[in-house]
Amino acid sequence: MEALAADILIIVKRDVPNGLEFLFRWAHVLAGITWIGLLYYFNFVQVPAFAELDAGARNQATDKLASRALWWFRWAAAATFAFGILILLAQKKGTGDGSRLFDGDYWKTAPGISISTGILLGITMFANVWMVIWPAQKKVIANARNVLAGGEADPDAAAAGRKALLASRMNTIFSFPMLLFMVGTAHFFGGGEFDPLPSGSDRGIYWLITIVIWLALELNALGVLGGTAPGGPRVIFDNHRNAITTGLVLTVVWYLLWVIIF
Ligand code: HEM
């Protein structure tokens, strides 16, 4: 009996951390597809369709349809983020070779650099949802409901809608390389084609270029580089085709960065 209990304990200790990590991974991807699926719906379907509706129909659709889609969108973003952090915490227990999360060496390996880049992009997208898109969309929804109830239109609603649109197209662009790094961490970047433990100077060059690309794009989306009007550096946000092309080009650029540096 005692031997059986000891065996069970060994199995639980061995399998529960792996099982938990897998559960978090599954929930993370489930929440992620919900979030990014709705992001693509907004960008590729809703925005072009709303542009063809008259103001009355658009206000109705904002009230009844967009408000519901935004609920699932922002809470799926929160769940994706939370389960992503839980994967990291579960990995800490599950590796058996000590703490990954607090062991600085993991972050110096190819998979560590890959997931750090993915998380940088994922957290930026999460911040865009909760700190830019949702506050702006709250104004748009309040305005639509107010006008439907016979009130005056809010003169700031159009500017709020534009701010949300830029951040939303930025998230579409970021989503392509973000997924490269999310999936690439376990299935590509650690697979032997790249240096498993890049030197400090290689990592320095990689992070410098990565931070410059990330910051320039995000500041551009926030209107910090000369405002929010269409054209100029914001041509990448002018329509969803430009955003898709930019996302694909950015994914190739990041892949080439890995090929050249690591
Ligand atoms: C919001 C911040 C995010 C954080 C902190 C995060 C964190 C993580 C972590 C730690 C992993 C495990 C990497 C590994 O060791 O294999 C992972 C994998 C993954 N993540 Fe994220 N993630 C985030 C956003 C997203 C988003 C927005 C998506 C969109 C779908 C996503 C999709 C995935 C996928 C598909 C995997 C790979 C699963 C696998 O290969 O088994 N993540 N993420």
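Residue indices begin at 1 and follow the sequence shown. Side chains included, hydrogens not; waters and symmetry mates left out as well; all remaining heavy atoms used. First listed ligand is number 1; within each ligand, the first listed atom is number 1.
- Proximity of Met178 to ligand 1 is established by a heavy-atom distance of less than 4.0 Å.
- For the side-chain contact (heavy atoms from CB on, under 4.5 Å) test with Phe237, the passing option among Asn242, Asn220, Thr246 is Asn220; the others fail.
- Restricting His28 to its N/O/S atoms, the shortest distance to atom 21 (Fe) of ligand 1 is reached by NE2.
- Below 30°, between 30° and 60°, or above 60°: for Trp71 and Trp75 the angle between ring planes is between 30° and 60°, a tilted geometry.
- No more than 12 heavy atoms of other residues, nucleotides or ligands lie within 6.0 Å of CH2 in Trp26, so this atom counts as exposed by the packing criterion.
- Heavy-atom neighbours of Tyr255 OH from other residues, nucleotides or ligands within 6.0 Å: at or below the threshold of 12.
- When heavy-atom distances to ligand 1 are checked against a 4.0 Å cut-off, Arg25 comes that close only through its side chain, counted from C-beta outward.
- Side chain to side chain, Trp254 and Thr117 fail the donor-acceptor criterion of an N or O pair below 3.5 Å.
- The shortest N or O to N or O distance between His187 and ligand 1 is below 3.5 Å.
- Those atoms of ligand 1 with a heavy atom of Leu88 less than 4.0 angstrom away are 10 (C).
- Against a heavy-atom cut-off of under 4.0 Å, Gly84 is close to the following atoms of ligand 1: 6 (C), 7 (C), 10 (C).
- Not one N, O or S atom of Thr80 sits under 2.8 Å from atom 21 (Fe) of ligand 1.
- The shortest N/O to N/O separation between Trp35 and ligand 1 does not fall below 3.5 Å.
- The Ile36 neighbourhood of ligand 1 comprises atoms 29 (C), with distances under 4.0 Å to a heavy atom of that residue.
- Taking every non-hydrogen atom of Gln91 and a distance limit under 4.0 Å, the qualifying atoms of ligand 1 come out as 14 (C), 15 (O).
- In terms of hydrophobic clustering, with Ile, Leu, Val, Met, Phe, Trp and Tyr side chains grouped at heavy-atom distances under 4.5 Å, Phe174 and Val224 are assigned to a common cluster.
- Partner of Ser116 under the side-chain contact (heavy atoms from CB on, under 4.5 Å) criterion, chosen from Trp207, Tyr106, Phe181: Trp207.
- Close approach of ligand 1 to Ala186 is summarised as follows: ligand atoms under 4.0 Å from at least one heavy atom of the residue are 16 (O).
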